[in-house]
Peer 1: 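Just dropping this structure here.
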Amino acid sequence: MRFSRSIIFVFIGIAIIGSLFLFWLYEGYDQRRSEIVSREQNDAQNQYSSTINSYRLLSQSLYDEVINSERVVNIISQADQSSSSKQAVLRDELYRQFLPVFNRLQNKNFKQLHFHLAGGVSFLRMQAPDKFGDQLMSIRPSLAEINRSGKYLEGFEEDKYFSGFHYLFPLFDQQKLVGSVETSVSFSTFSQQMSSIFPMTYQFLIKKNVIDDQVFADVSRFYYISELNRNYFYEKEQGEQNRVDNVLPEELTKINNALKNKISAKMAAGQIFTESLAIDKINYLVSFIPVKNIGGKQVVYLVSYHKDDTLYTLKADLIDRYIYTISVLLIILAFVYFISENQQKLLDAGERIQNITAAMGEGLMVIDNAGLITFFNKSASDLTGFSAKEVINKPYLHKIRFVGENDDKANDKFIKQVLDKKQLITTTRDLYLWRRHGDKFPIAASASPLKTKDGRVIGCIIVFRDITEEKAIDKTKTEFVSLASHQLKTPLSAVNWYTEMLMDQDVGPINDRQKSFLKEILDGNQRMVKLVNSLLNVSRIDMGTLSIVPEPVDLIAMTESMITELQFGIKSKNLKLIKRFDKGFPKINLDPSLMRIVIQNLLSNAVKYTREGGLIEVEIKKQDAKTAFMLVKDNGYGIPKNQQSSIFKKLFRADNVKSTKVEGTGLGLYVAKAVIEAFDGRIWFESEENLGSKFFITLPLAGVTKKEGTRGLEANT
Ligand code: ADP
């Protein structure tokens, strides 16, 4: 397959624009995606912070209202200085004092209320009063920090007994730091709390090694290996069955299984990230937020599970747009391909036409409706001397001058006729064309309308050839025929005259047999006179010596008289004749002797070529304000389709009539056409073999102007 370079460029251009557009779509998608992802992550973080805040408020008021009292500070301050038995008494007192408070705190999901002495030793764990005395400073950076700064602090921290979120308050005895107290909330409490407020499910994952290293063995049973990542634990406490789950546990399991291979590297790198996935036709967003402990180490991941279609819809939308864009691109490419193919075909066809027309002996030119030349082949250039370049897209009138033989008036009526009447026209005679330099030369041209598929005429195709030589030969022939006919006329007249004398018995009696022979001689002689007259007429037409002497003619009266003359033939063949003549049809300025020849020819043809008992119709009317119309119609032999184009040619007779006994010369219609065209009229016919023929004539009602010539025509009756 051949592609022109421009088409390849168009293809590449479309591909580049298409790719850029797809890239632009993807950029838009990616930006929206990051927005959604960061919104999701921010939401999770905000929800986490607001939960921290709400527990801080509770812890703060507990500290302000209940813990930070003289009595408590005293107990802690004393305990620091006391022996272990004294400490036991003080611890017991503190425990009893805080038991009701602690019970209420537990209802609020606090998991721990823990008093420490200065120096980071555990003094009383309200939730496990028998676990105390352990030095926590080394494993609890928060205790080291509060002992150093004496300031409140909060955050996640692992602990031997309890890993979770701690709120730590200093205890001062007259500005001396004597110890500290902390309230703690477990991550499972946090996640429940958050899930009950926000439409997500949360899970805190704690690094397994942190728990393994630091937590008392008897509490590690609350920690379970995460399905997401085996290096992490999640926390589950007894009595947690009633937690609010926006995403159900069985869904969580499926999600975790689907994600586990994708996320471990990102978790190991401590990244914040969000994954989207669909399970059982439900779309989820799962965000992983790393959480640092008080010591600044990232040991926890907050994982939020959210049923959310936004990313899925965004992706589906992107895919839809991709499909749409690619389809449009493919359609455009197919369209371009289709056009290029057609263009190529047209170019090929154009090239072929160029080659063919360049090889033609005839000149070929095409004129559009506006009279501009759109095509001019090589022979047209050779004949006229104008190159195609000089004439293409220029009005033909500027260069191409069709004229007559004897004058230089424009003789291009045939072009207008083709454009108006949309019919093929073959010019017969008297058409000349001026060459670029020098002389004019005779041409024979045929012009046909250039039509679109739906029949609109968009121009005119003219094929023409130089007929100088033919014309010269014709002239010689015509002169010979003219001369011979003239020479024949005198002896034929003599034969006619003497035969009639003999038949009239002017020179003696003759018997019947002799009479019938003489009749044959007379008939034959008259046929010869007719032929000679026709030949003379034709030669006068061909030599251009025809004269036109116009006078007002009553066409109807003329036709009536011709019908009367043909009465014998009509009667003997028993033909029916219908006349339709317009009343008040005007007289027209025509040469009556020439017009008679035409009408006589059409009517006698109708009579000759119609079978016995046939029907002839003759109509004369005004076609419009300017045109006379005549129709001679018969239902006779008709003219075979394949011979119709030759009917107006000299000496032509169709095969279907040649085989009948009907006599003819094949010259009548040639003469009729020459006469009608000399009258600026038109003659044509429609015919179907065995059904009949219609011969039409139109003439300008304005009539014809006088034309000087040597002779008129011989009447053929
Ligand atoms: P001809 O002397 O042969 O009639 P014309 O020039 O008048 O010569 O006609 C030429 C030929 O056209 C005829 O020979 C005939 O084949 C055909 N033709 C003319 N008129 C008719 C018609 N009315 N019906 C059938 N054929 C016709």
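Both counts, for ligands and for their atoms, begin at 1 and track the order of listing.
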Peer 1: Have Arg611 and Asn690 got a donor and an acceptor in their side chains that come within less than 3.5 Å?
Peer 2: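 There is such a pair between these side chains.
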Peer 1: Tell me whether Lys471 is salt-bridged to Glu469, with the criterion being a basic N under 4.0 Å from an acidic carboxylate O.
Peer 2: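 Salt bridge absent between Lys471 and Glu469.
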Peer 1: Among protein heavy atoms, which sits nearest to atom 26 (N) of ligand 1, and what does the distance come to when rounded to 0.1 Å?
Peer 2: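 Protein heavy atom with the smallest distance to atom 26 (N) of ligand 1: Ile639 CG1, 3.5 Å.
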Peer 1: Looking only at distance, does Tyr670 have an N or O less than 3.5 Å from an N or O of ligand 1?
Peer 2: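 No.
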Peer 1: Within a distance under 4.0 Å of any heavy atom of Phe695, pick out the atoms of ligand 1 and give their elements.
Peer 2: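 Taking each heavy atom of Phe695 in turn, ligand 1 has 20 (N), 21 (C), 23 (N) under 4.0 Å.
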Peer 1: Nearest 0.5 Å, what's the CD1-CD1 distance between Ile415 and Ile367?
Peer 2: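 Spacing of CD1 (Ile415) from CD1 (Ile367) equals 4.0 Å.
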Peer 1: Give a yes or no on whether a salt bridge exists between Arg682 and Glu677, defined as a side-chain N under 4.0 angstrom from a carboxylate O.
Peer 2: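 Salt bridge absent between Arg682 and Glu677.
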Peer 1: Does the distance from a Lys or Arg side-chain N to an Asp or Glu carboxylate O, for Asp348 and Arg352, drop under 4.0 Å?
Peer 2: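 Looking at Arg352 together with Asp348, the answer is no, because their closest N to O distance does not fall below 4.0 Å.
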Peer 1: Is there a salt bridge (charged side-chain N to carboxylate O under 4.0 Å, His left out) between Lys475 and Glu470 once you walk through the steps?
Peer 2: CA-CA 8 Å; Lys475 197 173 168 225; Glu470 281 162 67; over 6 Å; no
Peer 1: Output the list of atoms in ligand 1 that are nearer than 4.0 Å to some heavy atom of Ser693, sorted by atom number.
Peer 2: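 Heavy-atom distances to Ser693 below 4.0 Å select 22 (C), 24 (N), 25 (C).
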Peer 1: Nearest protein heavy-atom contact for atom 5 (P) of ligand 1: which residue, which atom, what distance?
Peer 2: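 The answer is Leu669 N, 3.7 Å.
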Peer 1: Is the closest heavy-atom distance from Tyr637 to ligand 1 below 4.0 Å?
Peer 2: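 The answer is no, since Tyr637 has no heavy atom less than 4.0 Å from ligand 1.
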Peer 1: Identify, by atom number and element, the atoms of ligand 1 in contact range of Lys608, meaning under 4.0 Å from any of its heavy atoms.
Peer 2: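 Matching atoms, with element in brackets: 1 (P), 2 (O), 4 (O).
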Peer 1: By the salt bridge (charged side-chain N to carboxylate O under 4.0 Å, His left out) test, which pairs, at least two apart or in different chains, include something from residues 649-660?
Peer 2: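 Listed by first then second residue: Asp542-Lys650, Asp655-Lys658.
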Peer 1: Within the 4.0 Å heavy-atom shell around Ala654, which atoms of ligand 1 are there?
Peer 2: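 Those qualifying, in numeric order: 14 (O), 16 (O).
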Peer 1: Could you tell me the residue and atom name of the protein heavy atom closest to atom 23 (N) of ligand 1, and the distance to it rounded to 0.1 Å?
Peer 2: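 Checking every protein heavy atom, the shortest distance to atom 23 (N) of ligand 1 gives Asp634 OD2, 2.9 Å.
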Peer 1: Specify the protein heavy atom at minimum distance from atom 10 (C) of ligand 1: its residue, its atom name, and the distance to 0.1 Å.
Peer 2: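 Residue, atom and distance for the closest contact: Phe652 O, 3.3 Å.
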Peer 1: Report the nearest protein non-hydrogen atom to atom 21 (C) of ligand 1: residue, atom name, distance rounded to 0.1 Å.
Peer 2: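 That would be Tyr609 CD1, 3.3 Å.
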Peer 1: Decide, yes or no, whether a salt bridge links Lys416 with Asp412 under the criterion of side-chain N to carboxylate O below 4.0 Å.
Peer 2: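 Salt bridge flag = yes for Asp412 with Lys416.
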Peer 1: Atom 17 (C) of ligand 1: which of Ile647, Val671, Asn601, Val662 has the nearest heavy atom?
Peer 2: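 Minimum heavy-atom distance to atom 17 (C) of ligand 1 goes to Ile647.
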Peer 1: Around atom 20 (N) of ligand 1, find the nearest protein heavy atom and jot down its residue, atom name and distance.
Peer 2: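 Result for atom 20 (N) of ligand 1: Asn605 ND2, 3.3 Å.
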Peer 1: Under a 4.0 angstrom heavy-atom cut-off, which atoms of ligand 1 come close to Gly664?
Peer 2: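 Every atom of ligand 1 under 4.0 Å from some heavy atom of Gly664: 1 (P), 2 (O), 3 (O).
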Peer 1: When you check the gap from the basic side-chain N to the acidic O, do Asp474 and Lys477 get nearer than 4.0 Å?
Peer 2: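 The answer is yes: the pair qualifies as a salt bridge.
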Peer 1: Nearest protein heavy-atom contact for atom 3 (O) of ligand 1: which residue, which atom, what distance?
Peer 2: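 Answer for atom 3 (O) of ligand 1: Arg653 NE, 2.6 Å.
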Peer 1: Does Gly666 have a non-hydrogen atom less than 4.0 Å from ligand 1?
Peer 2: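 Right, Gly666 reaches ligand 1.
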Peer 1: Determine, for Glu617 against Arg580, whether the closest basic-nitrogen to carboxylate-oxygen distance falls under 4.0 angstrom.
Peer 2: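 Arg580 and Glu617: salt-bridged.
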Peer 1: Between Lys399 and Glu390, is the closest basic N to carboxylate O distance under 4.0 Å?
Peer 2: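 Result for this pair is no, no salt bridge flagged.
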Peer 1: Is ligand 1 less than 4.0 angstrom away from at least one heavy atom of Phe648?
Peer 2: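 Heavy atoms of Phe648 never come under 4.0 Å of ligand 1.
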Peer 1: Atoms of ligand 1 less than 4.0 Å from Val657 heavy atoms?
Peer 2: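 Once the distances to Val657 are compared, the set is 14 (O), 15 (C), 16 (O).
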Peer 1: Under 3.5 Å, is there a donor-acceptor pair between the side chain of Asn411 and the main chain of Tyr432?
Peer 2: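 Absent.
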Peer 1: Atoms of ligand 1 less than 4.0 Å from Leu667 heavy atoms?
Peer 2: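 Near Leu667, the atoms of ligand 1 are 6 (O), 8 (O).
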Peer 1: With backbone taken as N, CA, C and O and side chain as the heavy atoms from C-beta onward, which portion of Thr665 lies under 4.0 Å from ligand 1: side chain, backbone, both, or neither?
Peer 2: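 Thr665 to ligand 1: contacts from backbone and side chain alike.
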